[in-house]
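Notes follow once the structure below has been shown.
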Amino acid sequence: MMYLIATLLCLGSFTAFALAKTPHYKAVYGTRPDQTLSQRYLITAWIMLLLTLGLNISQAVGYGSLMFCGQMALAVLLLGVILAFRPHWVRSLFYLLPATTLLATVLSTL
Amino acid sequence: MKDSFFRSMTWLHTWVGLLFCWLLWLVFFAGTLSFFRQEITLWSKPELHQHSMTVQSSQQDLLNYGFNRLNSEAPGAARWWISLPSERNPLLRVSHLPYAQPGEKASWMNHNLAADSKTPITTRETKGGSFFYRLHFDLHYMDRTTARWIVCLASLFMLVALISGIVIHKRIFKDMFQFRTGKGSRSWLDGHNLSSVLALPFHLMITYTGLITLIFTLFPYPAQTVYEEGVKEFRKDFYPERQRPQQSHEALSTPAFAQSLDHFFTNWPEQPISRIIIDHPQDAAAVMKIYGANRSEIKDEQAVWLYSGKTGELLNTVHLEDSAAAQLYGGMIAMHTGRLASAGLRWLYFLCGLAGCAMIATGCVMWAKRIRERQKPTQSASFGLKLVESLNLAAIMGLPLATAAFFYANRLLPVGHSGRADQEVLAFFLTWAAATLFAAKWRNTHGWRTLALANALAWLLLPLCNALTTQGNLISYASKGQWALFMFDVLALLAAAVFFWQSNKLQSVQQTRPQRARAERAA
């Protein structure tokens, strides 16, 4: 379950990384992001990525690091494909990802 | 040397990559499949599918059963071997090796049993997933040492290509998710970059640790300096559990195996066992070796407890607390093989392996594409370009087709046939040879499309062939919770879908090309 939360967080982090880039933001929302917005996305992305790493490592140092590399690969692949073929899906991801991460977290504490 | 650092690195990346790309494609492809070695073996033996994958009996019960069986069946054997079932392999295997007659080589007598009911199961003769595992580093039809040297060299080239690739890719972070479709060789470059960058830590890790697995072939000098007999003697020292004790020729009437097991279970209650081997079970020199199963720790060598068969005392423990250097070495091998992975990580490994395959395939194709694009329409292709194009088609489309042929042979060859396992392998290589011959003749878009369609059909019909020749199918696997078999079928269907999509894409390319040529002529 913790690894699932970490995977969702990682996906969220790379979504934020993608939205921090002007061409991808434009493909998703149709407008250019201003610099502060890009910077905010970038900071959020790094925080989430560090959280992902922390969560994985807290489970097991070696195994967690391997999971972390795999999760990053999965996240980049998914985003690469979505951005290339269905960029507007990222708009849904923007709400869907935090919601599922929250749901998974709540379920794991039960 | 070229005039600037960047240019020389590009040159290095291109040529180092191209030289070994087809071999690396084979190594990566077989390696990626090897992450599911046990699952492929399970699929290849439909006789096992009726048996439950979950084991109810305790390890102690299974061991007692194994000991009783060996005691009555082969008391005077040279070795006993009991393999306990695991999550991925539901079989209890009880084997013994008779003493060899002078001038002959003894062979193991194996009994595979269903873990709970203890009913013997005879499976068809097949290499299953082990074929791909061996193909990954021993290749086939050649001497092992030569093959390993070749694979070593290829991995070294891969490492050089990876590092030079990182150097020349200036926009790793800027273009991380970039994939622009329908832009000719630009799209291929995007695909190449995306597949490399998304699993970059994995690619570096797997290539480097791959070299480490063969390090004693590549770099035997430290062992040769320290030990008189070199690597051989070093291995003796590093793996004491692999040494066989000398027979004492003094009979052992009451062996102390039960006391040893009790001692083990009392002192290491949490440690699951993977197998037990006993050397000379009826001799006073008998040694019982208990191999502990590695769980998700990053280590490769299993811990072994060696007990005296005569007194039942613990003689030695091996790999229980390794030195830092041994831990590093074992850790790297464990990371490479991925045996430690549970289902989630295994799938991530598989995904990264596929990304590696995509990286190599797009790299090979791109070289040929670029040369073609630079050529004038009147210019005829050079021999080198033709060779690369043919090899690309033969390797990239031929290998999946050959893999499908291997699985068809597994289901369609008569079960009791002698030499069946080798015929499956023959089917694999014959199909690949046929694809290569085809590629030598038709290496244009039409050739790619034909082989893509052949692949699509082969992978689409594989689950059907499985359903017709065995008692299970996609629906029954899902209802019984046999997820390994279920996912095998799903992956075959997914592969078919990808190849169909590819053939459709190629068709549209084929149609637009003559139109474009006509338009250019008219202009």
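On a predicted model such as this, the values are computed, not experimentally measured, just so you know. Below, read A as the first sequence line, B as the second, and so on, with proteins coming before strands; counting in each chain starts at 1.
- Interface remark: B:T181 contributes side-chain atoms only to the contact with chain A (heavy atom separation under 4.5 Å).
- Ranking A:A84, A:A73, A:A60 against chain B, the residue ahead of the rest is A:A73, based on heavy-atom pairs under 4.5 Å.
- Both the backbone and the side chain of A:Y63 come within contact range of chain B, each with at least one heavy atom under 4.5 Å from a heavy atom of that chain.
- Between chain A and the residues B:G338, B:S296, B:A199, B:A334, the most heavy-atom pairs under 4.5 angstrom are made by B:S296.
- For a residue to count as touching a neighbouring chain, one of its non-hydrogen atoms must lie under 4.5 Å from one of that chain's; by this rule A:L66 touches chain B with backbone and side chain alike.
- When ring centroids are compared, B:F35 and B:W347 stay outside the 6.0 Å threshold.
- With a 4.5 Å cut-off on non-hydrogen atoms, B:A355 does not touch chain A at all.
- Note on ring orientation: taking the six-membered ring where Trp is involved, the planes of B:W25 and B:F29 are tilted (angle from 30° to 60°).
- Checking B:N455 against B:Q502 by side-chain atom types alone, no donor-acceptor pair falls below 3.5 Å.
- For B:L340, the parts lying near chain A are the backbone and the side chain together; criterion is any non-hydrogen pair under 4.5 Å.
- Looking only at atom types and distance, the side chain of B:S274 has a donor-acceptor partner in the side chain of B:Q302 under 3.5 Å away.
- Interface remark: B:S195 contributes no atoms to any contact with chain A (heavy atom separation under 4.5 Å).
- For B:H336 and B:Y349, the distance between ring centers is not under 6.0 angstrom.
- A perpendicular orientation is assigned to the rings of B:F137 and B:Y133, their planes being inclined by more than 60° (bins at 30° and 60°).
- Between A:F85 and B:F179, the two ring planes are tilted [angle within 30° to 60°].
- In this structure, chain A has no heavy atom under 4.5 Å from any part of B:F202.
- At a 4.5 Å heavy-atom cutoff, the contact between B:L345 and chain A is made by backbone and side-chain atoms alike.
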